[in-house]
Structure formats: C-alpha cells, structure tokens
Amino acid sequence: MPKRILIVDDDADMRTYLEAVLTEQGFETKTATDGDIGYETAQSFQPDIITLDIIMERETGLKFYR
C-alpha cells in the first residue's frame with residue numbers, strides 16, 4: 001500500500017507540481033487549498049505525511065499546524 005501525502009497549499013501551481021512529482025514516485029496524494037480544508041481532508045484521508053504552506057490567505061499553515 002502506497003504512503004499517503006496531503007498537500008496543503010493555496011498556490012495551484014505548487015499543488016499541481018507536488019502532486020505530479022509525488023504521484024510519479026508512487027505516493028497516494030490529496031490536495032487542499034487552505035488550512036480549513038486541509039484539516040477536514042486530513043481527518044478523512046489519514047495521511048502519513050503533510051506538506052504545509054505556512055503563508056496562506058484564508059487559513060495559515062501555522063494555525064493548521066497548531
């Protein structure tokens with residue numbers, strides 16, 4: 001079973017890039033556009049690792065992390 005990675009970033013290009021690279025390496029990925037959506041996605045997806053943008057407009061990565 002592949003490891004799961006959640007990508008939380010408000011930059012669409014960064015989400016697309018990370019998703020392509022990580023999927024190519026055999027990881028299962030999901031993306032979220034801010035901390036609120038990331039939190040909900042993490043609850044249902046149960047990722048092994050989360051990549052987290054710190055500076056986002058709606059919900060900051062620091063708040064999500066805490």
Side-chain angles (χ1 to χ4, degrees):
M1 188 155 101
K3 296 289 184 182
R4 296 173 164 200
I5 299 177
L6 173 59
I7 302 162
V8 182
D9 200 311
D10 61 345
D11 183 334
D13 291 334
M14 184 58 72
R15 285 192 315 271
T16 301
Y17 171 74
L18 288 173
E19 186 172 30
V21 168
L22 294 170
T23 301
E24 184 178 292
Q25 294 298 315
F27 296 101
E28 182 180 350
T29 62
K30 292 270 185 180
T31 63
T33 57
D34 65 38
D36 288 334
I37 296 169
Y39 185 78
E40 292 173 13
T41 304
Q43 297 299 313
S44 62
F45 184 56
Q46 296 292 304
D48 297 296
I49 297 170
I50 299 173
T51 66
L52 180 60
D53 183 9
I54 297 300
I55 302 171
M56 294 184 284
E57 287 186 31
R58 293 189 61 215
E59 181 71 36
T60 69
L62 290 175
K63 188 173 180 185
F64 173 89
Y65 175 75
R66 289 183 185 137

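Each residue takes its place number in the sequence, starting with 1.
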- request: Examine Tyr39 and Leu52 and state if one hydrophobic cluster contains both, with Ile, Leu, Val, Met, Phe, Trp and Tyr joined whenever side-chain heavy atoms are less than 4.5 Å apart.
  value: yes

ILVMFWY network linking Ile5 to Tyr17, side-chain heavy atoms under 4.5 angstrom: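 Yes, one cluster joins them.
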
- prompt: Is any side-chain heavy atom of Met56 less than 4.5 Å from a side-chain heavy atom of Asp11?
  reply: no

Provide the closest heavy-atom pair for [X] versus [Y] in the form atom of the first, atom of the second, distance.
X     : Y     : value
Arg4  : Gln46 : CD-O, 3.8 Å
Pro47 : Ala42 : CD-O, 3.5 Å
Val8  : Gly35 : CG1-N, 4.3 Å
Gly38 : Leu6  : O-CD2, 3.5 Å

query: Of all residues at least two apart in sequence or in a different chain, which pass the side chain to side chain donor-acceptor pair (under 3.5 Å) check with Asp10?
result: none

In residues 18-27, what donor-acceptor pairs under 3.5 Å come from side-chain atoms, sequence neighbours left out?
| unit_1 | atom_1 | unit_2 | atom_2 | d |
| --- | --- | --- | --- | --- |
| Thr23 | OG1 | Glu19 | O | 2.7 |
| Thr23 | OG1 | Thr29 | OG1 | 3.4 |

task: Could you list all the salt bridge (Lys or Arg N to Asp or Glu O under 4.0 Å) pairs where at least one residue sits in residues 33-54, not counting sequence neighbours?
output: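 As it turns out, the salt bridge (Lys or Arg N to Asp or Glu O under 4.0 Å) pairs with a partner in residues 33-54, which skip direct neighbours, are Asp34-Arg58.
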
task: Taking side-chain contact (heavy atoms from CB on, under 4.5 Å) as the test, write out the residues that go with Thr33, two or more places apart.
output: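 Partners of Thr33 under the side-chain contact (heavy atoms from CB on, under 4.5 Å) test: Arg15, Ile37.
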
